[in-house]
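Below you'll find the structure, written out as structure tokens, and then a few comments.
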Amino acid sequence: METKKIEEKWQKYWGEHKTFKAETGSSKEPYYILVEFPYPSGSGLHVGHVRSYTAQDAMARMMRMQGKNVLFPMGFDAFGAPAEQYAIKNHIHPKDAVKENIKTFKNQMKTLGFSFDWDREFSTTDPEYYKWTQWQFLEFYKHGMAYKATVPVNWCPNCKTVLSNEDSAGGVCERCGTQVVQKEKSQWMLRMSDYAEDLLQGLNDTNFAEKVKLGQINWIGKSIGAEVIFKIAGHDENFSVFTTRCDTLFGATYCVLAPEHKLVDIITTKEHKDEVEKYKYECTLKNDLERTELNKEKTGVFTGAYAINPVNNEEIPIYISDYVLASYGTGAIMAVPAHDERDFEFATKFNIPIIQVIDSGQSELTEAYTGDGVHINSGFLNGLNKEDGISAMLEFLEENKCGKKQVNYKMRDWIFSRQRFWGEPIPMIYCESCGWQLMNEEDLPLLLPDVAEYEPTDTGESPLAKITDWVNTTCPKCGGPAKRETDTMPNWAGSSWYFLRFMDPHNTHEFASMEAMKYWNKVNWYNGGMEHTARHLLYARFWVQFLYNIGLVPNKEMIWTRVSHGMVLGSDGQKMSKSKGNVINPDDIVKEYGADTLRCYELFMGDYELDCPWSTDSLKGCKRFLDRVIRLKDKVVEGDSYTPELETIIHKTIKKVEYDLRHMGYNTAISALMILTNSYEAKDSVTEADYRVLLTLLNPVAPHITEELNAQLGYAPICEGEWPKYDEEKTIDKEKEIGVQVNGKIRASIKVSIDESEEVTKDKALNEENVKKHIEGKEIVKIIVLKGRIVNIVVK
RNA sequence: GCCCGAGUGGUGGAAUGGUAGACGCGGCGGACUCAAAAUCCGUUGGUAGCAAUACCAUGUCGGUUCAAGUCCGACCUCGGGCACCA
């Protein structure tokens, strides 16, 4: 039978028999394997998707055979700009575009034989799904976690939308690369910063890969320091600064406020007013990119005001400068030019005194800030080291009520509004007399209107704003005329809780029942791209922790292990892209070589966690391997036990494949199966038992062809059977070749048997001709014999 | 600048501190064929040698160890992320 027919036959079988249906509440041990659901983009499934789906599919298939109740779901994350832009470009409604693309994706996934439980499929754009995303937003609001604020936002003039800090990293729009500008806008925000510490601590309840944890930690950006309050000479006003090195306070020779700081206008003296105004205006013209690019040359102006250093009552000038960020800490700093590079640069330029307060024993002044040293010129801190200096200073600050210990986080609140059509409408209503009102739960979902115009507006309003029928409504409180919120949610919203919905996807009265969530407990294994391990994961964890705190999910962390895969690059080693012409379409590969070959190659190509270039030649090698497995069938003779000479390698291979599939060692698992196949080929015949164990071990990787070969021998489907067991004892070779070293250099190799004594091994080693040659005339200092591993003869 | 990750044959990559280069690709030689494809057999890190074998070899330089790709210390290169975060 030809490959295509075989694949279709088994795909049909799995579909009809619902082989991969996950039963909530089953007495089997639940095991939840999740792989990031894709954007159904117009270009179809990427070979990179295939790599991770195949990997998790192989794991899922093995786990099922090992008796686990595996939940391996798939869905689509179809809101967001890519889907919207595709729709605009092709002049169809996003809804229809998404429908079409999902169909393509799903068909592609089916032809690859992934064992998803399709009964649980959904898209984030399904009203039955986004109803609950909206419902959860209302919960955020009810618990004071959602609020509206006018904030300077990152605005992409090309996409005509607000971008999150995350979406505009580096000052350019992540999507289109346009320079982002600052714009004041009223936005819905989620109080994510309240969860900074919990999100940090929660990592201890996860088994995330170390680099994933680090990504989260860096993003949260905790720093421990102090808040120091500075009085302003001749004013009642004061301001506080955040510092991690309050022990250097004696070295503070000036202060800097961010240009946006609210005290600037109040404290600026008449003589400096013009200059300050001018500088502030210049700053509004600069976007983040320009601000950071100008980091070589410090700018700023003096306000004319002086702050009083609380440790010595000295008056120090207050400057404004854009090297101080309004959004971090208190938006103000104390500057210690002797020990901070930036302050040093600024002080040098403006001729501000530089007082060294730490003797690091090094000539480079700025070195001391990161290192340790003894305090000098620091009054009561003199002679103390960094650690003691900090505690002594904290004590002083608290006693004199001019400061206290303080923790700061880089992570800020989540800007939750987008001026786009294709997102979940935010279920809020504004009434002139009652203010912001929640929509009634029973009115959810708030559907997106069916209209023809959904292109973004030039004004920065959401396209929804133009649809007056939709916008105008009545106030749920007073019944008077009111308007709907026209912003939609960011596309991170729907993906922040989809893994919960998979646990109970058809629930019509809850987003998921507590019972179902308790049964599945946690996502055991979550696989995705490295590009999502910082933000998506953080948003999802935040969402879950909030739901946990209001009693709606059973665990504070709902994801146990997070791993990430490497990218599949073009054969030129570059990222695949249409413009480079190095894109491989999985459909073409399936057509020419078969799904099993593609699956096998994607796992065999290299270390799963690292990027790897595509090679069609290597792919052919995998085809050759599968063809050899097929041809091996001609050598099969009856027999329900393993061929004695093959027993050891079979047990070894079971152990190896099982271990590797659980630890992302996909390439070495396949290598082991190739070795097993090679050893079968060296035989004149193999038993059915020999052959079937190979088919079963290979089944997670190449499910179609192995099922077919197994069926041809007259057996029930592999996917309904059990995973073979190995006997540890039988994985050990009875006889082995080991190396003999003289002074650490290999000089010979000897055969040893498992039960021979050290003496026998030693004699064998010493009697090797080449060993004799190298120890002749020398004194033997000692002989190291490691049973079954190595002999090393140390001579002098 | 800071934080990750990676440097191993022509190539993708293997190696619980214990015979470096498994397995695959490619190359070379051969068989089959009128020929090609497919398949099969052999060979394949470098240098020297008919060979046995020797020396060199896991980015660089040191160190620990009977033994280092692996551990420690310094450095170099590439990839990714963050970046005036006080």
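Chain letters run A, B, ... following the sequence lines, proteins first and then strands; every chain starts at 1.
Here A:His339 does not reach the OP1 or OP2 of B:A86: none of its side-chain N or O atoms lies under 4.0 Å away. At least one side-chain nitrogen or oxygen of A:Arg631 sits closer than 4.0 Å to the OP1 or OP2 atom of B:C40. The shortest distance between the side-chain N/O atoms of A:Arg747 and the OP1/OP2 oxygens of B:C55 is below 4.0 Å. Listed pair A:Asn770 / B:A54 meets the phosphate criterion, a side-chain N or O lying under 4.0 Å from OP1 or OP2.
One interatomic measurement links the two molecules: CD of A:Glu681 to P of B:G24, which rounds to 10 Å at whole-angstrom precision. Following rounding to the nearest Å, A:Gln216 (CD) and B:G81 (C1') show an atom-to-atom distance of 13 Å. Rounded to whole Å, atom P of B:A86 lies 17 Å from atom NE2 of A:His261. Nucleotide B:A86 holds its P atom 8 Å from the CG atom of A:Asn408, rounded to whole Å. Distance A:Leu619 CG to B:C23 P: 20 Å, rounded to the nearest Å. One atom, CD of A:Gln741, and another, C1' of B:A68, lie 11 Å apart when rounded to the nearest Å. Remark: P of B:C66 and NZ of A:Lys778 are 18 Å apart, rounded to the nearest angstrom. When the P atom of B:C3 is taken as reference, atom NZ of A:Lys410 falls 12 Å away, rounded to whole Å.
A salt bridge links A:Glu36 to A:Arg562: one of the charged nitrogens lies within less than 4.0 Å of a carboxylate oxygen. Ion pairing between a basic and an acidic side chain is recognised when a charged N comes within 4.0 Å of a carboxylate O; A:Lys635 and A:Glu681 show no such pairing. For the pair A:Glu769 and A:Lys772, the salt-bridge criterion is met [side-chain N within less than 4.0 Å of a carboxylate O].
Between A:Tyr254 and A:Phe346, the ring planes are parallel. Angles under 30° get that label, and only those over 60° would be called perpendicular. A:His536 and A:His532 have perpendicular rings, their planes meeting at more than 60° on a 0 to 90° scale where under 30° would count as parallel.
Across all strands, A:Ile333 comes closer than 4.0 Å to base atoms (heavy-atom distances). Counting non-hydrogen atoms under 4.0 angstrom, A:Ile675 reaches the backbone sugars and phosphates but no base. Contact annotation for A:Ser223: backbone-only contact, meaning every heavy-atom pair under 4.0 Å involves sugar-phosphate atoms and none involves a base. At the heavy-atom level, A:Gly621 lies under 4.0 Å from the strands shown only through sugar-phosphate atoms. A:Glu737 comes within 4.0 angstrom of a base, heavy atoms only.
For A:Asp322, counting side-chain heavy atoms from C-beta on, the closest listed nucleotide (B:C84, B:G24, B:C55) is B:C84. Of the listed nucleotides (B:C3, B:G24, B:A54), B:C3 has the atom at the smallest distance from the side chain of A:Asn218. Taking the side chain of A:Asn678 as heavy atoms from C-beta on, and the options B:G24, B:C55, B:C25, the nearest nucleotide is B:G24. Checking B:C66, B:G18, B:A22 against the side-chain heavy atoms of A:Leu786 singles out B:G18 as nearest. The side chain of A:Arg624 approaches B:G26 more closely than any other nucleotide in the set B:G26, B:G18, B:A86. Relative to the side chain of A:Tyr323, the nucleotides B:C84, B:C66, B:C23 differ in distance, and B:C84 lies closest.
For the C1' atom pair drawn from B:G21 and B:A57, the interatomic distance equals 11 Å after rounding to whole Å. Taking atom P in both B:C78 and B:G45, the straight-line distance is 31 Å, to the nearest Å. A gap of 15 Å separates the P atoms of B:G62 and B:G69, to the nearest Å. Taking atom C1' on both nucleotides, B:C66 is separated from B:C61 by 24 Å, rounded to a whole Å. To the nearest whole angstrom, the two C1' atoms, one in B:U58 and one in B:A52, are 28 Å apart. Nucleotides B:U70 and B:G18 place their C1' atoms 11 Å apart, quoted to the nearest Å. Annotation: B:U43 and B:A6 have their P atoms spaced 35 Å apart (nearest Å). For the P atom pair drawn from B:C75 and B:A51, the interatomic distance equals 46 Å after rounding to whole Å.
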Intra- and inter-strand pairing of RNA chain B, written as dot-bracket with Watson-Crick and G-U pairs under 3.5 Å and | for the latter, reads (((((((..(((.....[....)))((((((.......))))))((((....))))..(((((..]....))))))))))))....

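Judged by distance alone, with hydrogens and angles left aside, A:Asp617 brings no side-chain donor or acceptor close enough to the base of B:C25 to form a pair under 3.5 Å. If you check distances only, the side chain of A:Lys620 never reaches the base of B:C25 with a donor-acceptor pair under 3.5 Å.
A donor and an acceptor atom, one from each side chain of A:Thr561 and A:Asn207, are located under 3.5 Å apart. Side chains of A:Ser193 and A:Tyr409: no donor on one and acceptor on the other come within 3.5 Å.
Closest non-hydrogen pair, A:Ile649 versus A:Ser679, comes out as CD1-OG, 3.8 Å.
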Carefully, step by step, assess A:Asp611 and A:Lys575 under the rule salt bridge (charged side-chain N to carboxylate O under 4.0 Å, His left out). CA-CA 9 Å; A:Asp611 295 352; A:Lys575 206 169 161 171; over 6 Å; no

(request) May I have the step-by-step check of side chain to side chain contact (heavy atoms under 4.5 Å, CB included) for A:Tyr319 and A:Thr303, ending in yes or no? (result) CA-CA 6 Å; A:Tyr319 282 77; A:Thr303 59; 6.0 Å; no

For this session: Begin with the C-alpha distance, continue with both residues' side-chain angles, and end with the deciding distance and a verdict on side chain to side chain contact (heavy atoms under 4.5 Å, CB included) for A:Ile390 and A:Cys246.
Result: CA-CA 6 Å; A:Ile390 290 176; A:Cys246 62; 4.1 Å; yes

**OP:** Show the numbers, then the answer: is there a side chain to side chain contact (heavy atoms under 4.5 Å, CB included) between A:Val47 and A:Met576?
**Re:** CA-CA 10 Å; A:Val47 284; A:Met576 279 190 193; 3.5 Å; yes

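Of the residues near RNA chain B, A:Met674 and A:Ile784, the one whose nearest nucleotide (by heavy atom distance) lies more toward the 5' end is A:Met674. Residues A:Cys622 and A:Ile738 both approach RNA chain B. Their nearest nucleotides, taken by heavy-atom distance, put A:Ile738 toward the 5′ side.
Under the 90° criterion around 0 for the glycosidic angle, B:G21 counts as anti.
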Reading nucleotides 4-14 of chain B from 5' to 3' and marking B where a protein heavy atom lies under 4.0 Å of the base, S where only the sugar-phosphate is that close, and - otherwise, the string is SS------BSS

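Summarising the local packing, NZ of A:Lys580 is surrounded by more than 12 heavy atoms from other residues, nucleotides or ligands at distances under 6.0 Å.
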